Amino acid sequence: MRAPEGYPEADAAPHRIGRQRDGHAARTGPLHAPTTPVPTPPPAPRRRRWWLAVVVLLSVLTGAGIAVLAQRDDPATRSTGAPPDPAPVATGPGVAASPTPSGFAGLGPNPSPVPSATPRGSATPTPGLRPFPAPRRTLPGATIHYRGNETFAQALARSDRAYGPLRMVRVFHPGLPPAWRGSPSDVADRTVVVSFKAPPAQIAAGRHDARLAKWFAGMPRNSDIYWTYFHEPEDDVESGKYTTAQFRAAWRRLAGLADRAGNPRLRATLVLMCWTLDPGSRRSFTDYYPGSDVIDVLGWDCYNDGAKVNQYWAPERVFRRMISKSRALGKPWGVAETGSLLVAGDSGARRAAWIRAAATYLNGQKPLWVAYYDYRISKGDYRLTDAPSQQAWQAFCAAAA
């Protein structure tokens, strides 16, 4: 989803894996401290097992909340090019989550992420908030929307109060990035995914080398920085603004500038649309991929397109292709944007159930981070302004790792 022009883009702190580029030795190092296994509690005494079974059964039958039912593919949805849902999936209280494969599969060493800095603000869960099932294995966050004349710091503080707090922040720069010090990425003071834009031909020709080299050199060394160039380039290529060859060449030059900064915490992060992986898009992922020696992390923008036909699609249907592609390439990955419009007749409870289902599914896949697109654009309002939806994302952000 494209951020409106003029909206500041958020920086992210990517977790770099070792790589080799331009003849230099690969930089290696731990991305995160390994997670300590949680000990299994001893079984309940045998004489109480019948009682526990009754309690569980009653919880299932009387649990509050609204289930989300994923619809099977039908003629009304085929025009979107979305993959068919393999089976109806119910989510919500009393419905067990589907088992999911490990997020480490195919990615190599990639321990669960933890915040690189303590987010400002304290967690103040809403009274009566239904907690997210711990442990949390990723960093949940969001874009930051502004109200009135708010500064970024004020908008961020409001978002932290709402979500208790955000564990990462997505920052957008509509053009070349400003100096790091005092920028939204600096003010965020936590893991950030930051993107910027400039014509690929200018980047490849070295026109902005000095400015961008200074930007990379100014990035902190005590946190991971996920930086991306021209997120969602696909529409620009199709409209003729530049070619995929120019895009890849620009990426290769930028990666070289980032390496010269000598900062092992910088993560080159390619952000593409999930739609690009759909056969209906008629696009080729490799056209946009500069190479494994250039890209450290894959970022994806995935939305519930079922809202176009008044449905909340099952999370597997929304996210499975990008997870498969990331694993096939052996790259760490994250969700740079996700969200859903409210479907007709939903006051927020059904979307809240979808958010919980999506968060649970993605948490099981162990991405580096997941950012909700908490923003309104001309095509619709993705902001979590209703209490059920907001509390669903708050539960994910506030969950213990």
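In this text, all values refer to a predicted model and were calculated from it rather than measured experimentally. Heavy-atom basis, side chains included; hydrogens, waters and symmetry copies ignored.
- With respect to Pro200, the side-chain contact (heavy atoms from CB on, under 4.5 Å) criterion is satisfied by exactly one of Arg253, Gln246, Arg248: Gln246.
- Lys366 places no side-chain N or O within donor-acceptor distance of the main-chain N or O of Thr138, the cut-off being under 3.5 Å.
- In terms of modelled atom types and a separation under 3.5 Å, the side chain of Arg252 and the main chain of Val294 share no donor-acceptor contact.
- Across all non-hydrogen atoms, the minimal contact from Met322 to Cys302 is CG-SG, 3.8 Å.
- Using modelled atom types, one finds a donor on one side chain and an acceptor on the other under 3.5 Å when comparing Trp300 with Ser326.
- Listed for the Asn304 side chain is a donor-acceptor partner under 3.5 Å among the backbone atoms of Gln311.
- Using a distance-only test at 3.5 Å, with no hydrogens or angles considered, no donor-acceptor pair links the side chain of Thr228 to the main chain of His231.
- When atom types are taken as modelled, the side chain of Thr276 and the backbone of Phe285 share no donor-acceptor pair closer than 3.5 angstrom.
- Of the charged side-chain nitrogens involved, at least one lies within less than 4.0 Å of a carboxylate oxygen, so that Arg283 and Asp235 count as a salt-bridged pair.
- With hydrogens and angles ignored, the 3.5 Å screen pairs no side-chain donor or acceptor of Asn363 with any backbone N or O of Arg136.
- Annotation: cation-pi pair Arg317/Trp313 present, NZ/CZ under 6.0 Å from the ring centroid and within 45° of its normal.
- Closest heavy-atom contact between Asn310 and Ala344: OD1-N, 3.2 Å.
- Within 6.0 Å of the CZ atom in Arg207, the count of heavy atoms belonging to other residues, nucleotides or ligands does not exceed 12.
- Between the side chains of Asp346 and Tyr312, at least one donor N or O sits under 3.5 Å from an acceptor N or O.
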